[in-house]
Protein chains: 2
Amino acid sequence: MARKRFDDSSCSVARALNEVGDWWSLLIVLQAMYGTRRFVDFQQELGIARNILGDRLNRLVDNDVLRKVDVGEHGPRFEYRLTDKGRDLFPVVIALRQWGDRYNPCPDQPSLDLRDRRTGQPIRQLEVLDADGNPVSVRDVMVPEDSEKQEPGATRRA
Amino acid sequence: MARKRFDDSSCSVARALNEVGDWWSLLIVLQAMYGTRRFVDFQQELGIARNILGDRLNRLVDNDVLRKVDVGEHGPRFEYRLTDKGRDLFPVVIALRQWGDRYNPCPDQPSLDLRDRRTGQPIRQLEVLDADGNPVSVRDVMVPEDSEKQEPGATRRA
DNA sequence: CCAATAGAGTTGCATAACGAAACCAGATTA
DNA sequence: TAATCTGGTTTCGTTATGCAACTCTATTGG
């Protein structure tokens, strides 16, 4: 049977995964953040099969994560560029990178050292904060009583 | 052919996706964060097929994201609980949730209102910050010259 | 004591998704 | 005119996924 989809799920995480939750989509977005824009470049840098790449690019364009731009002055040339929506996946990518660096560091290479281009400062560890700036862990989180109709089980431990 | 794997990829994002990058794993982790612990509960709350659930749970246990605990006082009873590694996926989940809330809000329901249990404060939007606390966007990021051997294309735009 | 029920899976089968390589088509270069 | 480049689509065989049915242990009800 087909993969299950979550377009109509009440859970926004599920809906997000619907768009970028497969094996390749987030890696394509990541590659786009590195500056890759053309079909062949995605194909070579990711080592993805071309049919899959075509399918994923189309889907990302459909979902407004990428924009397909015709830059063909001589011959067919297209570029896939991040939209604002795509660019806003940055925290997701960074969160995954930091998690991967922490728990699955590459044995023979140091972690990628990302820095702010202007200040030269390294990037801080992502933290979930409350409005006052206090760090919030999984266990600290709750859903107010009068708005817990969405997620099954959300009341118990949120 | 089988899905491509990235165990040995130099990219920590790819390695992270290797462990939680499929359709179900992150949703299982999310559900675990809500407090779900038993096989049947995961099955019912997620609507996942039992064989797939079994496979994913095993894989998450293998990867040390979940811990399988035998709580069988009378009859076989197991619980799948988050490890520290699993709990540290919290920022990833929150980042996805905020992205989903922003770009794919549920038409008929408000977004889940997560708050700090103690302070009652809502959770702040995740931001990527540099060491000084300045927000950093995709375009601001770079990789220092002497450490850019890891990711193809990382130099151009990081 | 026997039947029914629950928890935790496993097995079998059909279908959809994936991956590799071949193929196609317009435009450019040699 | 042939070879090449870009951007795909097609074909085909292998996996993965999903559903339903089945297993096995243990508890509960009568």
Side-chain angles (χ1 to χ4, degrees), chain A residues 1-9 14 17-28 31-32 35-63 66-81 153, chain B residues 1-9 14 17-28 31-32 35-63 66-81 153:
Chain A
M1 282 273 164
R3 230 210 69 236
K4 202 157 198 168
R5 308 215 79 117
F6 303 100
D7 314 81
D8 56 342
S9 170
L17 288 175
N18 221 16
E19 302 197 348
V20 294
D22 73 302
W23 291 106
W24 287 113
S25 296
L26 253 189
L27 288 176
I28 292 172
Q31 202 61 49
T36 302
R37 299 181 161 188
R38 296 219 322 283
F39 190 93
V40 282
D41 294 334
F42 281 111
Q43 204 267 311
Q44 286 175 359
E45 309 216 42
L46 291 171
I48 183 177
R50 320 176 66 119
N51 51 350
I52 308 296
L53 176 59
D55 179 79
R56 290 308 122 86
L57 286 174
N58 285 335
R59 192 173 302 183
L60 288 170
V61 169
D62 286 347
N63 287 330
L66 295 178
R67 213 168 68 246
K68 184 172 184 177
V69 182
D70 187 344
V71 293
E73 309 232 322
H74 31 261
R77 282 298 155 87
F78 295 101
E79 285 190 357
Y80 295 89
R81 298 190 196 160
Chain B
M1 281 271 166
R3 229 210 71 236
K4 202 156 198 169
R5 307 216 76 120
F6 303 100
D7 314 83
D8 55 343
S9 170
L17 288 175
N18 221 15
E19 302 196 349
V20 293
D22 74 301
W23 291 107
W24 286 112
S25 297
L26 254 190
L27 289 176
I28 292 172
Q31 202 61 48
T36 302
R37 298 180 162 191
R38 297 218 322 285
F39 190 92
V40 281
D41 293 333
F42 281 111
Q43 204 268 310
Q44 286 175 0
E45 309 217 40
L46 291 172
I48 183 176
R50 316 174 70 100
N51 51 349
I52 306 296
L53 176 59
D55 179 79
R56 290 309 121 86
L57 286 173
N58 285 335
R59 193 174 302 183
L60 288 169
V61 169
D62 285 348
N63 288 331
L66 295 177
R67 212 169 67 249
K68 185 172 184 176
V69 183
D70 187 344
V71 292
E73 308 229 325
H74 28 261
R77 285 296 156 88
F78 296 100
E79 285 189 356
Y80 294 89
R81 299 191 195 158

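FYI, side chains are in, hydrogens and waters are out, and symmetry mates aren't considered; it's all heavy atoms of this structure.
Regarding A:Leu53, its CG atom lies at a distance of 14 Å from the P atom of D:dT6, rounded to whole Å. What separates CZ of A:Phe78 from P of D:dT9 is a distance of 10 Å, to the nearest Å. Summarising the geometry, the separation between CG on A:Asp70 and C1' on D:dT6 is reported as 12 Å, rounded to the nearest angstrom. Note: CG (B:Asp22) to C1' (C:dC18) measures 14 Å, nearest angstrom. Atom P of nucleotide C:dA6 and atom CD of B:Gln44 are separated by 10 Å, given to the nearest angstrom. Between the CD1 atom of A:Ile48 and the P atom of C:dA17 there is a distance of 15 Å, rounded to whole Å. The CG atom of A:Leu46 sits 14 Å away from the C1' atom of C:dG19 (whole-angstrom rounding). Rounded to whole Å, the distance from CG on B:Leu57 to C1' on C:dA8 is 11 Å.
When distances run from any side-chain atom of B:Arg77 to the nucleotides D:dG7, C:dG19, C:dA8, the shortest one goes to C:dA8. Checking D:dT17, C:dA8, C:dC18 against the side-chain heavy atoms of A:Arg56 singles out C:dC18 as nearest. The side chain of B:Tyr80 has C:dG9 as its nearest neighbour among C:dG7, C:dG9, C:dA17. Among the nucleotides D:dG7, D:dG18, C:dA20, the one closest to the side chain of A:Ala49 is C:dA20.
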Atom pairs under 3.5 Å, N or O on each side, protein against nucleotides 10-12 of chain C: can you list them with distances?
from	atom 1	to	atom 2	distance (Å)
C:dG12	O6	B:Asn51	ND2	3.4

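Considering only side-chain N and O atoms, A:Trp23 lies nowhere under 4.0 angstrom from the phosphate OP1 or OP2 of D:dA16.
When all heavy atoms of B:Glu19 and B:Leu60 are compared, the pair lying nearest together is O-CD2, 4.1 Å. Residues B:Leu66 and B:Ala32 share a closest heavy-atom pair of CD2-CB, 4.3 Å. The nearest pair of heavy atoms linking A:Asp70 to A:Arg77 is OD1-O, 3.1 Å.
Remark: B:Arg38 pairs with B:Asp41 by the salt bridge (Lys or Arg N to Asp or Glu O under 4.0 Å) rule, at least two apart or across chains.
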**Request:** Please test A:Tyr80 against A:Lys68 for side-chain contact (heavy atoms from CB on, under 4.5 Å), starting from the C-alpha separation and ending with a verdict.
**Result:** CA-CA 5 Å; A:Tyr80 295 89; A:Lys68 184 172 184 177; 3.4 Å; yes
List the atom pairs, with distances to 0.1 Å, where a side-chain N or O of residues 48-58 of chain B and a protein N or O form a donor-acceptor pair under 3.5 Å, not counting sequence neighbours.
from	atom 1	to	atom 2	distance (Å)
B:Asp55	OD2	B:Arg59	NH2	3.1
B:Arg56	NH1	B:Asp22	OD2	2.5
B:Asn58	ND2	B:Gly54	O	3.2

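Each of B:Ile52 and A:Glu79 was assigned the nucleotide of DNA chain D with the nearest heavy atom; the assignment lying further toward the 5' end belongs to A:Glu79.
How far CZ of A:Arg37 is from CZ of A:Phe42: 9.5 Å, rounded to the nearest 0.5 Å.
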